[in-house]
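Reviewing the structure listed below.
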Amino acid sequence: MTEEALQRSNRALKVLSECNQVLVRSQDESRLLKQVCDILVDVGGYRFAWVGIARKDEQRTVDPVAHAGYEAGYLENASITWADNERGRGPTGRAIRERRPVVGRDIARNQGFEPWRADALERGYRSSIALPLVTDGEVIGSLQVYSGEPEAFNDDEVRLLVEMTNDIAYGVKSLRLGKHHELAEKALIDSEAKYRNLFEESKDAVFICTPEGRITDLNPAGIELFGFQSKEELQKVEADSQAYVSSESWADFRKTIEEKGFVKDYELRLQNRQGKELIVLASATTAGSNGGNSVFFTGILHDMTERLRLEEQLYRAQRLESVGRLAGGIAHDFNNFLTAVKGYIDLALTELPKDSPAGEDLVEAGRSAERAAGLTRQLLIFSRRESMNLKPLDLNITVKEMLKMLDQIIGERYQIVTVLDDSLGRINADAGHIEQVIMNLVVNARDAMEATGGRIYISTENTVIGEEYAESKDAAPGNYVVLTVRDTGYGMDEEARLHIFEPFFSKKPGMESTGLGLSLVYGITKQHGGWIDVESAPDKGATFRIFFPEVSSKTSVPAGGEEITGDLRGNGERLLIVEDEEQVRKFIVTLLERNGYEVTEAATAEEALERFNKEKGHFDLVCSDVVLPGEDGVWLAERLSGQNPEIPILLASGYNHPAEQRAISEDGLNFISKPYSRNDLLARIKELITKD
């Protein structure tokens with residue numbers, strides 16, 4: 001049941017309850033019917049209500065005997081009958097004649113409302129319900145209720161209004177027979193039982209509380225929401241210290257509801273018994289009066305905590321994905337520059353004597369370029385754009401092989417403790433990337449204990465993930481392998497925990513940046529189809545649990561290229577080089593020409609295809625960048641292979657879009673990553689040209 005439907009049902013139940021209380025006290029039929037109409041308008045919030053008695057005269061007249069709400073002369077011109085004619089085929093006539101409720105969902109389009117439509121719409125009536133007053137099989141009249149909104153009467157509301165009308169009919173009959181007290185009291189008991197049933201079964205928290213916030217009544221859903229065992233236990237809670245995050249929160253809520261008399265979808269921050277924050281939407285009204293002050297509030301609390309958490313999780317994932325795309329684009333350009341820088345350093349070194357001082361400077365420059373290439377690789381891992389070498393991997397073996405290196409990295413003040421599951425399943429992973437994950441988590445744990453030293457716990461285990469939890473992680477249910485890294489450091493609050501995977505965010509006091517460490521962990525984990533759960537609190541340390549899908553069978557691993565030995569120089573072979581960056585293209589052409597190749601160059605795929613056709617395909621190899629202006633290198637490879645399936649094609653890139661990565665992998669295309677060294681490129685070209 002939606003919140004709006006529940007509110008309507010609650011409103012109808014209140015109308016039913018108050019009408020039955022009137023029945024108990026009433027001594028006069030006319031007064032009873034007038035009070036019923038007043039309750040429908042004042043408590044039920046309907047625009048207009050009236051009661052008509054069905055006469056058994058020749059015209060079968062319906063005489064209005066009571067009404068409330070906005071009428072403005074409507075009944076004077078109504079001339080309603082329950083005969084089977086034009087003015088008897090409206091909702092009232094049909095309800096009496098057919099002995100059933102007749103709902104007019106939209107007066108503007110209801111054909112049976114034609115004689116009264118203009119007057120009804122002028123007065124703001126948009127939908128209606130006519131309910132026959134039936135007792136002992138006899139129709140004595142009809143109750144009509146009008147709403148200012150179309151489609152106003154849902155099934156639960158109709159059911160409750162029918163029950164109310166039946167009670168009224170019994171009340172009228174009993175008044176006429178002088179036995180009203182017995183019947184009214186029975187109806188009151190029945191209606192309150194129905195109200196209690198709806199109260200108990202609601203999935204949202206339904207409450208009654210004092211203006212100070214002390215709860216006097218709460219349904220089972222509310223008891224569960226607040227984490228208590230019983231209503232009595234919850235009623236002992238001090239409103240300003242235990243049930244609410246702050247007294248200001250409740251004070252603002254109270255001020256708003258007392259000024260307006262009601263609130264709808266008011267965001268209220270509470271906390272449960274365990275201290276967990278609850279974010280709820282409150283819809284409530286004031287009730288009772290004591291010298292102008294509210295006696296209590298009654299309403300509904302709809303728990304939004306989990307939904308808002310998932311929305312925040314989605315927002316963070318989208319934000320990280322956007323940063324990842326930016327990082328990938330930067331890496332592409334950076335790798336192009338590094339290819340040229342490293343290439344020209346290599347070329348310069350070949351021209352200098354081995355003992356040249358300038359040579360030593362160039363070697364140092366080359367090392368700096370290598371370190372820059374390492375940073376770029378981290379950007380690509382973070383952006384999930386680096387190609388991976390996936391194969392079945394035993395996490396236990398990886399952890400054991402890294403322990404010696406990790407001990408050296410973290411220093412003597414820290415100790416690594418491992419608890420590894422001997423029956424651990426395998427995961428399909430890139431070994432180098434998983435090593436990055438472990439190393440960054442251990443370094444992060446060390447930094448969290450920088451002031452005191454301590455122990456870092458690394459553990460592995462198998463687990464089975466069910467459908468509900470998997471859905472919350474946008475993953476598939478099944479078997480998973482869990483890697484856990486735990487520290488006993490200073491921990492972090494909820495705000496810091498929400499940002500730890502963002503690049504250059506630091507949870508360490510007084511520091512602004514830790515680089516890409518945890519961002520890399522996040523990117524690699526996502527790239528492997530997994531996710532990360534983080535538990536932490538100030539002064540309680542942090543626990544990172546990473547879930548990787550377990551492989552059900554051993555996955556075959558494609559064999560890599562054979563090691564190239566011997567002379568890397570060419571013998572006059574003709575090569576077509578396609579590269580849009582001029583500096584990179586110039587380096588490649590210079591390198592290849594100095595090493596015995598005849599080179600034709602092009603800056604775009606379209607230009608390369610034109611030159612290939614002009615030379616009638618007489619090339620021994622084509623080497624092309626993947627990312628080009630216009631059509632890309634994959635497109636070019638497909639066109640050239642279509643004309644000459646035997647020609648070797650080598651693609652190169654420092655960054656690939658996922659679709660390009662899939663195409664390269666699925667088509668079995670040759671690939672070399674930028675930035676590459678002089679020998680790497682020469683060896684790969686030699687391998688492809690000399691391959692049988």
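Just so it is clear, the model here is predicted, and its values are computed rather than measured.
- Qualifying ring pair (Phe, Tyr, Trp, His ring centres under 6.0 Å) partners for Tyr266, counting only residues two or more places apart in sequence or in other chains: Phe253.
- Put simply, CG on Leu268 and CG on Leu301 are 7.0 Å apart, with the number rounded to the nearest 0.5 Å.
- Taking the side-chain contact (heavy atoms from CB on, under 4.5 Å) definition, one finds that Asp539 meets it with nothing, sequence neighbours left out.
- Rounding to the nearest 0.5 Å gives a distance of 8.5 Å between CG of Asn479 and OG1 of Thr463.
- A donor-acceptor contact shorter than 3.5 Å is absent between the side chain of Asp204 and the backbone of Ile300.
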Residue pair Glu535, Thr543: steps toward the side chain to side chain donor-acceptor pair (under 3.5 Å) verdict: CA-CA 5 Å; Glu535 296 178 5; Thr543 300; 5.2 Å; no
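- Minimum heavy-atom separation, Arg123 to Ala72: NH2-O, 2.7 Å.
- Here the side chain of Thr298 pairs no donor or acceptor atom with the backbone of Ile208 at under 3.5 angstrom.
- Remark: Asp38 engages Lys34, Asp42, Ala68 in a side-chain contact (heavy atoms from CB on, under 4.5 Å) (not counting sequence neighbours).
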Side chain to side chain contact (heavy atoms under 4.5 Å, CB included) between Glu267 and Ile279, intermediate numbers included: CA-CA 7 Å; Glu267 184 173 306; Ile279 304 174; 3.9 Å; yes
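- Put simply, the side chain of Val482 does not reach to within 4.5 Å of the side chain of Ile546, judged on heavy atoms.
- Contact of the Met164 side chain with the Leu143 side chain is registered, since non-hydrogen atoms from C-beta on lie closer than 4.5 Å.
- Under the rule for a side-chain contact (heavy atoms from CB on, under 4.5 Å), the partners of Asn166 that lie at least two apart in sequence or sit in another chain are Val162.
- Residues forming a ring pair (Phe, Tyr, Trp, His ring centres under 6.0 Å) with Tyr125 (at least two apart in sequence, or on another chain): Phe48, Tyr74, Tyr146.
- With a 6.0 Å radius and a threshold of 12 heavy atoms from other residues, nucleotides or ligands, Glu98 has its CD atom above the threshold.
- In terms of heavy atoms, Ala205 sits closest to Leu225 at CB-CD2, 4.1 Å.
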Verdict with supporting geometry, Cys37 and Val51, side chain to side chain contact (heavy atoms under 4.5 Å, CB included): CA-CA 8 Å; Cys37 293; Val51 177; 3.8 Å; yes
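- Every residue two or more places apart in sequence or in another chain was checked for a side chain to side chain donor-acceptor pair (under 3.5 Å) with Asp119, and none qualifies.
- Considering only heavy atoms from C-beta on, Thr165 stays 4.5 Å or farther from Val134 through its side chain.
- By the 30° and 60° cut-offs, the orientation of the rings of Trp531 relative to Phe547 is parallel.
- Val65 places none of its side-chain heavy atoms less than 4.5 Å from the side chain of Glu29.
- If you check the side chains of Gln527 and Thr525, you find no donor sitting under 3.5 Å from an acceptor.
- Not a single side chain to side chain donor-acceptor pair (under 3.5 Å) links Gln35 to another residue, sequence neighbours left out.
- Looking only at side-chain heavy atoms (C-beta outward), Phe113 and Asp106 stay at 4.5 Å or farther from each other.
- At a threshold of 4.0 Å, the pair Asp156-Arg159 counts as salt-bridged, since one of the basic side-chain nitrogens sits closer than that to a carboxylate oxygen.
- For the pair Asp57 (side chain) and Thr61 (backbone), a donor-acceptor distance under 3.5 Å is present.
- Taken from NZ in Lys264 to CG in Leu281, the straight-line distance is 9.5 Å, to the nearest 0.5 Å.
- Salt bridge status for Arg89 with Asp84: present, with a side-chain N to carboxylate O gap under 4.0 Å.
- In this structure, the side chains of Thr286 and Ile257 come closer than 4.5 Å at one or more pairs of heavy atoms.
- Residues Val521 and Ile532 meet the side-chain proximity criterion, which asks for heavy atoms closer than 4.5 Å.
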Quiz: residues 75-82 side-chain donor-acceptor pairs under 3.5 angstrom, not counting sequence neighbours:
from	atom 1	to	atom 2	distance (Å)
Thr81	OG1	Gln59	O	2.6
Thr81	OG1	Arg60	O	2.7
Thr81	OG1	Ala83	N	3.0
Trp82	NE1	Arg55	O	2.9
Trp82	NE1	Arg60	O	3.4

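- Legend: residues meeting side-chain contact (heavy atoms from CB on, under 4.5 Å) with Val102, ordered by chain and number and at least two apart, are Pro91, Arg94, Ala95, Arg100.
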Evaluation steps, side chain to side chain contact (heavy atoms under 4.5 Å, CB included), between Val62 and Trp50: CA-CA 11 Å; Val62 179; Trp50 67 279; 4.2 Å; yes
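- Checked against side chain to side chain donor-acceptor pair (under 3.5 Å), Ser128 has no partners two or more places apart in sequence or in another chain.
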Side chain to side chain contact (heavy atoms under 4.5 Å, CB included) between Phe296 and Thr210, intermediate numbers included: CA-CA 4 Å; Phe296 58 88; Thr210 67; 5.7 Å; no
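- Counting only heavy atoms from C-beta outward, the side chains of Glu18 and Val22 never approach each other to under 4.5 Å.
- Across all non-hydrogen atoms, the minimal contact from Val41 to Ala49 is CG2-N, 4.2 Å.
- Heavy atoms of other residues, nucleotides or ligands lying less than 6.0 angstrom from CD of Glu86 number 12 at most.
- Applying the side chain to side chain donor-acceptor pair (under 3.5 Å) test to Arg545 and every residue at least two apart in sequence or in another chain returns Glu461.
- Atom CG of Asp303 and atom CD of Glu224 lie 10.0 Å apart (nearest 0.5 Å).
- The minimum heavy-atom distance linking Met492 with Ser536 is given by the pair N-OG, 3.0 Å.
- Asp167 and Leu16 get closest at one heavy-atom pair: OD2-CD1, 3.5 Å.
- Summarising the geometry of Gln144 relative to Ala130, their closest heavy-atom pair is OE1-CB, 3.9 Å, with the distance given to 0.1 Å.
- With Val172 as the partner, the side chain to side chain contact (heavy atoms under 4.5 Å, CB included) test is satisfied by one option alone out of Val36, Leu33, Leu133: Leu33.
- Taking 4.0 Å as the cut-off between side-chain N and carboxylate O, Arg254 and Glu258 count as a salt-bridged pair.
- Here Ile107 contributes atom CD1 and Arg126 contributes atom CZ; the two are 8.0 Å apart, rounded to the nearest 0.5 Å.
- For Tyr469 and Tyr480, the ring centers sit 6.0 Å or farther from each other.
- Take Glu114 and apply the salt bridge (Lys or Arg N to Asp or Glu O under 4.0 Å) test, not counting sequence neighbours, and it matches Arg117.
- Rounded to the nearest 0.5 Å, atoms CZ (Phe153) and OG (Ser127) are 5.0 Å apart.
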